[in-house]
2 protein chains.
Amino acid sequence: MERIDMNNPCGCEKCELRSVFFESFRGDELESFCRNKQETFHHRGDFVFHAGDEVKSFSYLKSGLVKLFKTMANGKDQIITIAGPFDFVSLLGTFTISHQPYSVSALEDSVVCHIDIQQIKHIVKHNGLFSLNLMERLGTTSNKIIQESMEIRKRNTHGKVAYFLLKLSRDLYMNQTFNLPVSRREIAEYTGMTTENVIRTMSEFRKEKIIRINGREIEIMDMESLDRISNFG
Amino acid sequence: MERIDMNNPCGCEKCELRSVFFESFRGDELESFCRNKQETFHHRGDFVFHAGDEVKSFSYLKSGLVKLFKTMANGKDQIITIAGPFDFVSLLGTFTISHQPYSVSALEDSVVCHIDIQQIKHIVKHNGLFSLNLMERLGTTSNKIIQESMEIRKRNTHGKVAYFLLKLSRDLYMNQTFNLPVSRREIAEYTGMTTENVIRTMSEFRKEKIIRINGREIEIMDMESLDRISNFG
DNA sequence: CATTCACTATGATATTTATCATAAAGTGAT
DNA sequence: ATCACTTTATGATAAATATCATAGTGAATG
């Protein structure tokens with residue numbers, strides 16, 4: 001993890017969260033916000049938080065890709081969700097709990113923005129528009145996680161893998177060819193399957209010419225079939 | 001569904017949400033709140049919301065027990081969570097979405113409090129302390145759902161059923177003897193198993209003298225074993 | 001450059017879970 | 001009380017998934 005020293009700390013012109021974090025600021029709130037905002041850079045594989053860490057900041061992903069996960073008693077990880085740019089890395093619990101419930105680590109080189117938790121609480125308390133905007137945004141995030149968890153749960157192994165590949169293709173990369181940001185083991189941790197069955201399922205998709213696999217590169221060749229497997233499997 | 005006419009609309013002396021809904025009110029907010037708050041009564045089995053209904057209010061459970069669920073394409077239900085007194089029935093999505101993502105129905109006779117969504121948004125916007133309190137409370141709820149979903153997912157069928165029975169006994173009824181508020185089919189919908197396997201698993205627990213079943217009444221006879229099954233199954 | 005280690009891959013087998021079939025018991029309505 | 005319907009129950013079988021074993025591949029490291 002490296003701290004980023006910025007000459008322009010609030011150079012967030014392209015930030016999708018502008019509407020939440022800036023358009024509702026008043027008076028000296030913006031200045032105070034910029035003064036306290038910190039960015040950290042994390043190489044692929046590095047941790048952003050460890051489960052159990054003290055919650056000091058409210059954080060969101062500026063660029064890259066991270067996974068939120070929990071390490072179970074048997075040492076295996078369980079992935080809760082994968083977050084992309086402008087997704088919150090701290091979930092809502094941040095407001096009530098003192099220690100991170102999940103670990104967060106970088107799947108790709110990532111930049112995370114941290115806002116001091118006390119400062120966020122202060123702004124929420126004193127700026128209603130900001131509160132409302134933040135609440136809407138946080139609600140969407142939590143809802144998405146719950147939604148996705150239900151979607152994956154109801155599918156069989158083929159459906160789970162198809163759903164995951166489609167999610168990457170459609171929501172994250174918006175392209176039918178993309179580089180898998182996760183290992184087969186991580187897909188297993190996310191979908192609740194065994195690694196072997198993820199590999200087997202992807203091999204079957206390959207043999208049936210539904211996808212093409214070239215190292216980390218995946219091309220969805222038969223979107224219709226993959227969709228059918230995702231919806232009926 | 002019956003509307004309740006109250007002579008004392010804000011007679012919520014025992015409400016656990018007092019701190020969120022009252023202690024942060026200022027000036028005429030309390031009066032306005034009481035004027036607009038509505039309560040509805042729902043008999044066991046009745047719907048509180050149907051998925052797809054327009055979101056008009058922000059709602060929480062005053063008494064009783066409800067389930068939040070989704071009806072899938074194949075007609076089967078998937079239970080997201082079971083909510084008890086003072087749990088929110090509207091999740092966070094309420095702030096962003098226009099239509100209910102889930103159906104809600106009463107497992108026991110229930111009273112639900114509804115606050116006009118526009119009014120809630122207005123208060124959030126103008127009362128920072130209320131915002132912060134509400135956000136904390138909503139965060140806890142969402143977190144609990146996500147948490148629970150992960151807990152269930154990682155268990156095998158025996159572990160799922162054991163976990164569910166322990167949850168009822170410990171969190172909801174705080175007693176090792178209680179009346180099951182749900183059918184075996186609903187346990188299946190909540191845990192993602194088949195009804196037959198829920199029945200079979202409970203029968204096995206009965207045969208092994210871990211639980212006693214007498215109609216709807218369940219007594220956990222061997223808490224230690226059930227705990228072991230929940231934790232290692 | 002060799003070595004180690006994680007990842008991908010595949011087959012054989014065991015286990016778990018779902019499906020199908022049947023029946024008894026409970027529930028609500030008339 | 002009777003009928004229709006749902007829930008609980010159990011067994012037999014099929015299907016899905018996990019486990020175990022083995023090996024090739026690729027990436028990182030000294």
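Sequence lines set the chain letters: A, B, ... in the order given, protein chains first and strands last, and positions in each chain run from 1.
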For nucleotides 5-21 of chain C, just jot down a letter per nucleotide in 5' to 3' order: B, S or -, based on protein non-hydrogen atoms under 4.0 Å. --SBBBBB----SBBB-

Residue pair Ile146(B) / Ile146(A), side-chain heavy-atom distance below 4.5 Å: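 They are in contact (side-chain heavy atoms under 4.5 Å apart), so the answer is yes.
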
His43(A) NE2 to dA28(D) P, straight-line distance once rounded to whole Å: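 Atom-to-atom, His43(A) to dA28(D), this comes out as 13 Å.
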
Nearest heavy-atom contact between Leu180(B) and Leu168(B) is CD2-CD1, 3.6 Å

Relative to each other, are the rings of [X] and [Y] parallel, tilted or perpendicular (30° and 60° limits)?
{"X": "Phe47(B)", "Y": "His50(B)", "value": "parallel"}
{"X": "His158(A)", "Y": "Phe205(A)", "value": "perpendicular"}
{"X": "Phe88(B)", "Y": "Tyr60(B)", "value": "perpendicular"}
{"X": "Tyr190(B)", "Y": "Phe164(B)", "value": "tilted"}

Degree of bending, the helix from dC1(C)-dG30(D) to dT30(C)-dA1(D) (end axes from five pairs; round to 10°): 60°

May I ask you to say whether Glu186(A) pairs ionically with Lys67(A), meaning some side-chain N is under 4.0 Å from a carboxylate O?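 A salt bridge is present here (some side-chain N lies under 4.0 Å from a carboxylate O).
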
Any sub-3.5 Å donor-acceptor pair from Ser59(A)'s side-chain atoms to His114(A)'s backbone N or O? no

